[in-house]
Protein chains: 2
Amino acid sequence: MESRCESCIIRQFNSLRAMSKEELKQVSDSKITKKVKKGDPLFNEGEKLNGVYCVRSGVTKLSKLSENGKDQIVKLATKGEVLGQRSVIAEEHTNLSATAVSDMEICFIPKTSITDTLNKNPNFTLEVLRHMAHDLKEADDVIVNMSQKTVKQRMAAAFLYLKNNFGEDEEGYLRLNLSREDMANVVGTATESAIRIISEFKKNEWIATKGKRVRVLNEQKLVDLSEGF
Amino acid sequence: MESRCESCIIRQFNSLRAMSKEELKQVSDSKITKKVKKGDPLFNEGEKLNGVYCVRSGVTKLSKLSENGKDQIVKLATKGEVLGQRSVIAEEHTNLSATAVSDMEICFIPKTSITDTLNKNPNFTLEVLRHMAHDLKEADDVIVNMSQKTVKQRMAAAFLYLKNNFGEDEEGYLRLNLSREDMANVVGTATESAIRIISEFKKNEWIATKGKRVRVLNEQKLVDLSEGF
DNA sequence: TTTAAAACATGATATATGTCAGGTTTTGGT
DNA sequence: ACCAAAACCTGACATATATCATGTTTTAAA
C-alpha cells in the first residue's frame with residue numbers, strides 16, 4: 001500500500017513543498033517506495049542517477065572513498081532530506097556514496113519529474129536553491145572544523161551533532177547508534193583513535209554506554225571541548 | 001568611465017549570462033564598479049550583504065576564522081566568479097570573509113537586481129543552481145582531502161591548483177603568488193610547516209622560486225605525491 | 001546454543017605536525 | 001637610500017595521531 005506524496009508530511013521539510021498540486025500528483029504517480037536495510041547501499045560514488053531519493057525514515061551516510069582506502073563521511077541524512085539532487089541538477093555522476101546506517105524507507109523520484117518542475121516552477125527552483133545554499137554553508141563549516149580542530153574536538157562535536165540532529169530516546173540514549181568505525185569516518189580519524197577518545201570521554205563521565213547505545217552525560221563539557229576550552 | 005554589463009565578457013563565465021536584455025540593463029544601471037587593493041577586504045564574515053560581487057579581475061580569498069585564531073582559506077575566487085550569492089539567497093549573514101590577494105576590479109550588484117531576477121527568470125535561477133551544485137561538489141571534495149591527505153599531499157595539490165586555475169606567465173612562473181602564510185591557510189597547517197615543506201619541494205627540484213615567484217618544475221611528481229604515491 | 005566473524009579495546013611504538021625561539025632576508029614607505 | 005616591519009627560514013622540542021599487534025567482547029548466523 002503506497003501512500004501519496006500529496007498527503008506525505010515529510011514533504012514539509014524539503015523543497016517538494018514548493019510544488020503545485022499537479023506537479024505533486026505527477027511525482028506521486030511516478031515515484032517508487034523502497035525499503036533499504038541497514039548496511040545496504042542506496043547508490044555508489046560515480047554512478048549516474050536517473051532520479052533522486054527522498055528519505056521517509058531512517059538515516060543514511062553520504063561518504064567518499066579516498067585513495068588511501070578510507071571512507072570519509074561527509075554528511076548524515078535523515079527524514080525529509082532529498083539525495084542525489086546535486087547530481088541530477090549538474091547532470092554529473094554522483095560524487096558520494098549513500099549507505100543506510102539504519103533500516104530506511106525511501107522514495108525514488110525519477111529525474112524527469114524533478115527537471116520538468118525545475119524548468120516550469122520558479123518557486124520550486126528557488127526552494128531547491130535555498131536548500132543547496134544551506135548545504136554549501138554547512139560544507140564550508142565542515143572544512144574549517146576538519147582543518148582547524150583536533151580529533152578530540154571533532155569527536156565531541158560529532159556526539160553533539162548526533163544528539164541535536166537525531167535526538168534521544170526516553171532513557172536518554174542517542175537515537176542514532178554509529179559504529180566506532182563510522183564515528184571515526186565522520187570525524188576523519190583512525191578507528192583506534194576514535195575508540196581511545198570515546199573511552200576517555202567515558203572515563204571522564206561525559207558520555208556513558210550500554211551495549212551499543214550511547215548517552216550524553218555532560219553536554220556542556222562536550223561543547224566546551226569542541227570549542228577549544 | 002564605467003563599462004556596461006551588456007558588453008562585459010566576464011558575464012559568459014557566470015550565471016549572469018542567463019539574464020535577459022532588460023534584466024541585464026537593470027543590473028548595469030544599478031551596479032557599482034570598485035577597485036580593491038591587494039590585502040583589502042571585500043567583506044567580512046558575519047556581515048549582512050546587500051548585494052553580490054562580480055569579480056572582473058584579480059583574485060580574492062574566501063576564508064573563515066576558527067576559534068584558535070587561524071584563518072582557513074576555503075576557496076580562491078577569480079575573474080567571473082560571483083561572491084555573496086549564497087548569503088543573499090539564504091538571506092543569512094556571510095559565512096566567510098573575502099580579502100583581495102591581488103589588486104582587483106569588482107562590480108557590486110545590489111541585492112534587489114538579483115532577487116528580482118531570481119523570482120522572475122527561471123533560467124537564471126536554474127543557472128545559479130547549477131553553479132551552486134558545482135561549488136557544493138568542490139566543497140565535498142575539499143572535506144575529503146582535508147581529512148584524508150597529509151599536509152605534504154595537500155601542499156602538492158595546492159601548487160597544482162594554483163597552476164591549473166590561475167596559470168603561468170611567459171617564464172613559467174605561477175601567475176598567482178601567495179604568501180607562505182596564505183599557502184598554509186589554504187592547506188590548513190602552520191605557517192612554519194608550510195615553509196618547511198616548500199623548502200623540501202625546492203630541494204627535490206619539484207618547484208623553484210625566484211623572489212616571491214614560484215615555478216613548478218616537476219608537475220608529475222606533485223601529482224603522484226598528492227595522490228599518495 | 002554454538003561458533004565464526006565483526007566490533008571493540010588497549011598497549012607499544014613510529015611519525016607527522018605544531019609550537020616556540022631565534023635568526024636572516026625581503027619589502028615598502030619616507 | 002634607509003629603516004622598520006613584514007616575510008621568510010631553520011632548529012629543537014613537544015605532542016597528537018597513525019599504525020601494528022594482540023586480546024576481549026559482542027553479534028548474528030547456522
Side-chain angles (χ1 to χ4, degrees), chain A residues 37-40 61 66-72 99 101-103 145-158 176-204 207-214 225-226 228, chain B residues 37-40 61 66-72 99 101-103 145-158 173 177-204 207-214 225-226 228:
Chain A
K37 282 234 185 69
K38 178 175 175 171
D40 285 350
K61 60 180 175 185
S66 67
E67 286 103 350
N68 67 39
K70 279 189 190 157
D71 217 32
Q72 176 64 37
T99 313
V101 291
S102 66
D103 289 347
N145 286 339
M146 280 293 171
S147 63
Q148 305 287 7
K149 289 187 173 173
T150 65
V151 173
K152 210 175 283 186
Q153 289 178 302
R154 280 179 272 149
M155 185 63 75
L176 181 63
N177 290 300
L178 291 183
S179 70
R180 303 292 194 259
E181 189 180 359
D182 278 341
M183 275 308 256
N185 291 343
V186 166
V187 163
T189 189
T191 306
E192 297 95 320
S193 298
I195 289 174
R196 251 182 269 270
I197 289 169
I198 291 172
S199 299
E200 194 188 327
F201 285 2
K202 283 197 282 189
K203 208 170 290 166
N204 294 343
I207 64 173
T209 59
K210 192 174 188 181
K212 266 198 136 28
R213 302 187 300 161
V214 179
L225 174 56
S226 81
Chain B
K37 283 236 184 65
K38 178 175 175 171
D40 285 350
K61 60 180 175 185
S66 67
E67 285 103 351
N68 67 40
K70 279 189 188 155
D71 216 33
Q72 176 63 36
T99 314
V101 290
S102 67
D103 289 347
N145 286 339
M146 279 294 172
S147 62
Q148 304 288 7
K149 289 187 173 172
T150 65
V151 172
K152 211 177 281 187
Q153 289 178 300
R154 281 180 270 147
M155 185 63 76
Y173 289 98
N177 290 301
L178 291 182
S179 69
R180 301 293 193 259
E181 189 181 0
D182 278 342
M183 275 308 256
N185 291 344
V186 166
V187 163
T189 189
T191 306
E192 296 94 321
S193 298
I195 289 173
R196 251 183 269 271
I197 289 170
I198 291 172
S199 299
E200 193 188 325
F201 285 2
K202 283 198 281 189
K203 208 169 289 167
N204 293 343
I207 64 173
T209 58
K210 193 175 186 179
K212 266 198 135 28
R213 302 187 302 159
V214 178
L225 173 57
S226 81

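- Separating the CD atom of A:Glu200 from the C1' atom of C:dT10 is a distance of 14 Å, rounded to the nearest angstrom.
- Each of A:Gly188 and B:Thr191 was assigned the nucleotide of DNA chain D with the nearest heavy atom; the assignment lying further toward the 5' end belongs to B:Thr191.
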| query | Going through the distances and angles, do A:Val214 and A:Phe201 end up as a side chain to side chain contact (heavy atoms under 4.5 Å, CB included)? | reply | CA-CA 11 Å; A:Val214 179; A:Phe201 285 2; over 6 Å; no
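- Rounded to a whole Å, the CG atom of A:Asn177 is 10 Å from the P atom of C:dC8.
- Side-chain atoms of A:Gln72 and A:Met146, non-hydrogen and from C-beta on, do get closer than 4.5 Å to each other.
- In this structure, the CD atom of B:Gln72 is 11 Å from the P atom of C:dG18, given to the nearest Å.
- A:Ile198 has its CD1 atom 7 Å from the P atom of C:dA9, to the nearest Å.
- If you find the closest nucleotide of DNA chain C to A:Ser199 and to B:Arg154, the one lying nearer the 5' end belongs to A:Ser199.
- Listed nucleotides C:dA7, C:dA9, D:dC20 differ in distance to A:Glu192; the shortest reach to its side chain belongs to D:dC20.
- When the side-chain nitrogen and oxygen atoms of A:Lys70 are compared with OP1 and OP2 of D:dT19, one or more of them lie within a distance under 4.0 Å.
- Closest to the side chain of A:Val151, from the set D:dT17, C:dA7, D:dC20, is D:dT17.
- Side-chain proximity of A:Thr150 to D:dT17, D:dT19, C:dT10: nearest is D:dT17.
- At the heavy-atom level, B:Ser193 lies under 4.0 Å from base atoms of the strands shown.
- Mapped onto DNA chain D by nearest heavy atom, A:Ala190 and A:Gly211 fall at different nucleotides, with A:Ala190 at the one closer to the 5' end.
- Paired with B:Asp182 under the rule salt bridge (Lys or Arg N to Asp or Glu O under 4.0 Å), one option of B:Lys212, B:Lys61, B:Lys70 passes, and it is B:Lys61.
- Judged by distance alone, with hydrogens and angles left aside, the side-chain atoms of B:Arg154 form a donor-acceptor pair with the main-chain N or O of B:Val187 at under 3.5 Å.
- In this structure, CZ of A:Arg213 is placed 21 Å from P of D:dT25, rounded to the nearest angstrom.
- In this structure, the side chain of A:Lys149 engages the main chain of A:Ser226 through a donor-acceptor pair within 3.5 Å.
- Taking only side-chain nitrogens and oxygens, A:Thr189 comes nearer than 4.0 Å to OP1 or OP2 of D:dA18.
- Atom pair B:Lys210:NZ and D:dA7:P shows a separation of 23 Å (rounding to whole Å applied).
- Across C:dA7, C:dA9, D:dC9, the shortest atom-to-atom separation from the side chain of B:Arg180 is found for D:dC9.
- For A:Arg196 against D:dT19, a side-chain-to-base donor-acceptor contact under 3.5 Å is present.
- In this structure, B:Glu181 places its CD atom 9 Å from P of D:dC8, rounding to the nearest Å.
- If you measure from atom CD1 of A:Ile195 to atom P of D:dG23, you get 17 Å, rounded to the nearest angstrom.
- The shortest distance between the side-chain N/O atoms of A:Lys202 and the OP1/OP2 oxygens of C:dA9 is below 4.0 Å.
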